[in-house]
Engineer: 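Have a look at the structure that comes next, please.
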Amino acid sequence: MSIESLTTVQTDRDRALLAETAGRASRYLAGLDDRSVAASPEAITGLAAFDEALPDGPSDPADVLAMLDRVGSPATMASAGGRFFGFVIGGSLPVALAANWLATAWDQNAALSATSPAAARLEAVALGWLIDLFGLPEGTGASFVTGATVASFSALGAARHRVLADAGWDVEADGLFGAPPVRVVVGDEVHVSVVKALTLLGFGRDRLVRVPVDAQGRLRAELLPDVDGPTIVCAQAGNVNTGASDPIGAICDWAAPRGAWVHVDGAFGLWAAVVPARAGLVAGLERADSWAVDAHKWLNVPYDNGIALVRDAGALRAAMGINAAYLPTGETREPSHFTPELSRRARGVDVWAAIRTLGRDGIADLVERCCRHAERFAGGLTEAGYEVLNEVVLNQVLVRFGDDATTRRVIAGIQADGTCWCGGTVWRGQAAMRISVSSWATTDDDVERSLAAMVRVARSVG
Ligand SMILES: *Cc1c(COP(=O)(O)O)cnc(C)c1O
């Protein structure tokens, strides 16, 4: 057999594999409506089939994919469907998933414009659209990263650069050894990922100044401390439990005369800015210095996808830029000058496809629909006699089914019932169930079916 015909044989087989896999993926998605949202105990037990010894030789790729689908697919969480309300996890818009497939076939390294002109341009376009959507200042620097955790890490790296440079210290050159102390102020409800980002940057978890919050988890701006010297304050748009946002405008009022850097963790809450009727929740947003937001949550693109945005693009570049003789140094925007990673997948493609398809109005509609569904959950559960603990201002609902033990039993019962899936939390010392509506796929019917299941389980358990 000649090399050429061998190549042809492989190409045909590879093409068949890809087509077959697209079929498997479509069937998986189509089947989500009829299965338990959580993986069944049998499906989880079935994962033992993966625990094989390292194979010595090759296998038929089609067999490998068949096994992946047969054993893996049933043991997934049906978070791509319309009745998953755990954590804050969005579904994937079909167009974003499809764009992701094509971009994966491209297999581009999005580090450099030289390694992928298409990825670099699509990233730049998508980032420009995001800056426009959120109403952020023109010239804002930005980059695609894995999620809000790394977005906060990147943005706070820029903050660290700027506040220390203003104090005459080059942190990239000299590190934090002997540096002027930086005061980092957070609300008491700061997301753990921001604390992790600050820890990675060398600020120290126990050195954070924590400001008390109100009943919805919002930082109480009147309790912000008097500070001088290099200061960073972290605000939150969208509390994972209540959906409430810190008073960003008031925090900026406090920061301005002190020269403090304001970072906003808006993993999902930043999207409120896109809906005119809800934009008041994050008023003053555009006055901050940096923002972290997820695309894999409320923009409903596949995992993983988040964005770091920094008003002072030079600070982001100073914190993240690298130089080497073999890397380009021209005027072109090089994505890797603004990210912790060098080699990276082309996340901008999925975001470009989502925004290009939905437009500003479609995104506002997606966000607003989720908020309306959350209101319906809160109304339905209140009507059924259960206590909603938060003001439902966005897409999060906290509900209690009696005392802590009963509430926990009801949550376990709802998860096992399989109609929908919600997680638990502790809010101000009380056990509660969290309902987070974050997917385009959730319909009115999904909400009614889920509500009925919640009430049925709560009555039988409680
Ligand atoms: C989800 C979330 C994060 C972390 O985002 P990842 O995408 O998981 O890294 C940070 N802050 C808030 C408020 C979140 O909801």
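What you see is a predicted model, and the numbers here were worked out from it, not measured in a lab. Each ligand, and each atom within it, is numbered from 1 in the order the structure gives.
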Engineer: Which ligand 1 atoms are under 4.0 Å away from a heavy-atom of Lys297?
Structural biologist: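 Those of ligand 1 that fall under 4.0 Å from Lys297 are 1 (C), 2 (C), 3 (C), 4 (C), 5 (O), 14 (C), 15 (O).
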Engineer: Within the structure, is a non-hydrogen atom of Gly306 found at a distance of less than 4.0 Å from ligand 1?
Structural biologist: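 False for this residue.
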Engineer: Has the side chain of Arg345 got a donor or acceptor atom that lies under 3.5 Å from a matching backbone atom of Asn100?
Structural biologist: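 No, the answer is negative, given that no donor and acceptor are paired below the 3.5 Å cut-off.
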Engineer: If the plane angle is over 60° it's perpendicular, under 30° parallel, otherwise tilted; pick one for Phe84 and Trp421.
Structural biologist: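 Aromatic pair Phe84/Trp421 classed parallel.
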Engineer: With heavy atoms only and a cut-off of under 4.0 Å, state how Thr149 meets ligand 1: side chain, backbone, both or neither.
Structural biologist: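 Under 4.0 Å from ligand 1, Thr149 contributes backbone and side-chain atoms.
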Engineer: Is it the side chain (CB and beyond), the backbone, both or neither of Phe87 that lies under 4.0 Å from ligand 1, heavy atoms counted?
Structural biologist: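 Neither part.
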Engineer: Looking just at side-chain N and O atoms, do Ser245 and Arg278 make a donor-acceptor pair shorter than 3.5 Å?
Structural biologist: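 Ser245 vs Arg278: no donor-acceptor pair found between side chains.
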Engineer: Nearest heavy atom to atom 5 (O) of ligand 1: which of Asp304, Asp294, Asn305 does it belong to?
Structural biologist: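 Ranked by closest heavy atom to atom 5 (O) of ligand 1, first place is Asp294.
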Engineer: Indicate yes or no: does an N/O atom of Ala148 lie under 3.5 Å from an N/O atom of ligand 1?
Structural biologist: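 Right, the criterion is met.
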Engineer: For the pair Asp446 and Arg83, evaluate salt bridge (Lys or Arg N to Asp or Glu O under 4.0 Å) and give the outcome as yes or no after the intermediate values.
Structural biologist: CA-CA 6 Å; Asp446 285 322; Arg83 294 190 306 283; 3.0 Å; yes
Engineer: With distance as the sole test, does Asn395 use its side chain to make a donor-acceptor pair with the main-chain N or O of Cys370 at under 3.5 Å?
Structural biologist: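 Flag not set: sc Asn395 to bb Cys370 has no pair under 3.5 Å.
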Engineer: Could you find the nearest protein heavy atom to atom 10 (C) of ligand 1 and give me its residue, atom name and distance?
Structural biologist: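 Answer for atom 10 (C) of ligand 1: Ser193 OG, 3.0 Å.
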Engineer: Using atom types as modelled and distance alone, determine if a side-chain donor or acceptor of Arg160 lies under 3.5 Å from a backbone N or O of Leu201.
Structural biologist: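 The answer is yes, because a donor-acceptor pair under 3.5 Å joins these two groups.
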Engineer: Any donor and acceptor pair, going by atom type alone, linking the side chain of Trp298 with main-chain N or O of Val88 inside 3.5 Å?
Structural biologist: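 Looks like no, no N/O pair under 3.5 Å.
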Engineer: Which ligand 1 atoms, with their elements, are less than 4.0 angstrom from a heavy-atom of Gly238?
Structural biologist: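 What qualifies from ligand 1 is 13 (C).
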Engineer: Which of the numbered atoms in ligand 1 are below 4.0 angstrom from a heavy atom of Phe268?
Structural biologist: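 Under 4.0 Å from Phe268, ligand 1 has these atoms: 15 (O).
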Engineer: Identify the protein heavy atom lying closest to atom 11 (N) of ligand 1, giving its residue, its atom name and the separation to 0.1 Å.
Structural biologist: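 Protein heavy atom at minimum distance: Asp265 OD2, 2.7 Å.
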Engineer: Give the atom numbers and elements of ligand 1 that come within less than 4.0 Å of a heavy atom of Val240.
Structural biologist: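 Contacts of ligand 1 toward Val240, numbered from 1: 14 (C), 15 (O).
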Engineer: Can you name the atoms of ligand 1, numbered from 1 with element, that are less than 4.0 Å from a heavy atom of His191?
Structural biologist: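 Counting atoms of ligand 1 from 1, those under 4.0 Å from His191 are 2 (C), 3 (C), 4 (C), 10 (C), 11 (N), 12 (C), 13 (C), 14 (C).
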Engineer: Looking at Ser116 and Ala110, would you say the former's side chain and the latter's main chain have a donor-acceptor pair under 3.5 Å?
Structural biologist: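 Flag not set: sc Ser116 to bb Ala110 has no pair under 3.5 Å.
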